[in-house]
Amino acid sequence: MMRRGALVILLAGMWVALWGDLALGTVVAGLLAGLLVVATVPVPASDRQLTIRPVAALAFVATFAGMLIASTWSVVRLVLSSRAGDAHGVLIAYEIAPEAYAVRTLIAHSVSLTPGTLTVDVQPDGRTLQVHVMDADAVPAARRSISALESRAARAFAPTLPPSDRPSDTEVA
């Protein structure tokens, strides 16, 4: 119950920030909107125990910010180049591994927010993203970027660490 209350407050805070007004009416409307979202949007059971690792979350944000800058520069170069008219977009399938629905959603949205790529669809299995890449020549780089986002998001927010990040019996903590 405490997490739901915190989520309502977080959503209300986002509402107030989006409106840019700290008036009582805006805060009340934000709380009502937050309550409505929490009451009507189901959260998968696997995400009720979502873990947030602050240092890894900062690493995710830094990685994402770096990708925004790099991909924006790539799109600008492509648009201003002489081959802009010859570039062909392509649709790729990318399978993501994290178990948590929220982590998979974060990855899909992060891909869409990155210039030059767009998550077009998520297959019914919930793990396969259909991603449109603006330039077919950029597919390998797009796959590396999605992989990096996936790895950072799983380390930062997944309920359990990915197998490669779990300490083994031979490692000293």
Side-chain angles (χ1 to χ4, degrees), residues 7 10-22 30 33-34 37 41 43-44 46-47 50-166:
L7 182 57
L10 175 67
L11 291 170
M14 291 171 60
W15 179 275
V16 169
L18 287 170
W19 282 99
D21 182 17
L22 195 55
V37 168
V41 176
V43 175
S46 67
D47 286 0
L50 198 62
T51 302
I52 299 175
R53 297 174 190 86
V55 173
L58 287 174
F60 171 82
V61 170
T63 299
F64 181 62
M67 288 178 183
L68 287 176
I69 292 166
S71 62
T72 299
W73 178 245
S74 294
V75 169
V76 167
R77 278 193 348 241
L78 176 66
V79 168
L80 296 177
S81 74
S82 59
R83 68 177 211 82
D86 297 332
H88 298 295
V90 64
L91 194 64
I92 63 170
Y94 188 90
E95 188 170 329
I96 53 178
E99 297 292 324
Y101 174 81
V103 177
R104 293 192 315 254
T105 302
L106 175 65
I107 295 164
H109 286 295
S110 297
V111 168
S112 288
L113 290 170
T114 306
T117 58
L118 176 68
T119 302
V120 177
D121 189 27
V122 178
Q123 296 300 307
D125 66 2
R127 296 185 180 280
T128 306
L129 304 178
Q130 296 292 322
V131 178
H132 181 269
V133 180
M134 190 170 103
D135 183 13
D137 293 342
V139 168
R143 286 189 182 278
R144 284 191 304 273
S145 293
I146 297 168
S147 178
L149 281 173
E150 176 183 9
S151 174
R152 295 281 187 188
R155 281 189 212 122
F157 306 109
T160 58
L161 285 172
S164 62
D165 291 342
R166 291 186 194 136

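Start at 1 with the first residue, then count along the sequence.
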Looking only at heavy atoms, which two atoms of [X] and [Y] are closest? And how far apart?
{"X": "A59", "Y": "R152", "value": "CB-NH1, 3.4 Å"}
{"X": "T117", "Y": "A142", "value": "CG2-CB, 4.2 Å"}
{"X": "A148", "Y": "T63", "value": "CB-CG2, 4.5 Å"}
{"X": "F60", "Y": "A153", "value": "CD1-N, 3.6 Å"}
{"X": "V120", "Y": "H132", "value": "CG2-CB, 3.7 Å"}
{"X": "S71", "Y": "T114", "value": "OG-CG2, 3.1 Å"}

Practice problem: Kindly indicate, with the supporting measurements, whether the criterion side chain to side chain contact (heavy atoms under 4.5 Å, CB included) is fulfilled by L129 and I107. | Solution: CA-CA 9 Å; L129 304 178; I107 295 164; 4.3 Å; yes
Self-check item: Side-chain donor-acceptor pair present, R155, S151, cut-off under 3.5 Å
Solution: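 Present: a donor and an acceptor within the cut-off.
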Using only atom types and a distance under 3.5 Å, with no angle test, would you say the side chain of [X] pairs donor to acceptor with the backbone of [Y]?
{"X": "T119", "Y": "V111", "result": "no"}
{"X": "T72", "Y": "L68", "result": "yes"}
{"X": "Q130", "Y": "L91", "result": "no"}

Quiz item: Would you call the rings of W19 and W15 parallel, tilted or perpendicular, where under 30° means parallel and over 60° means perpendicular?
Solution: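 Correct class here is tilted.
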So how far is it from [X] [atom1] to [Y] [atom2], rounded to the nearest 0.5 Å?
{"X": "I69", "Y": "F64", "atom1": "CD1", "atom2": "CZ", "answer": "11.0 Å"}
{"X": "R104", "Y": "I96", "atom1": "CZ", "atom2": "CD1", "answer": "6.5 Å"}
{"X": "L149", "Y": "H109", "atom1": "CG", "atom2": "NE2", "answer": "13.5 Å"}
{"X": "R144", "Y": "M67", "atom1": "CZ", "atom2": "CE", "answer": "10.0 Å"}

Quiz item: More than 12 non-hydrogen atoms from neighbouring residues, nucleotides or ligands closer than 6.0 Å to CG on L22, yes or no?
Solution: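 Open: at most 12 neighbouring heavy atoms sit under 6.0 Å from CG of L22.
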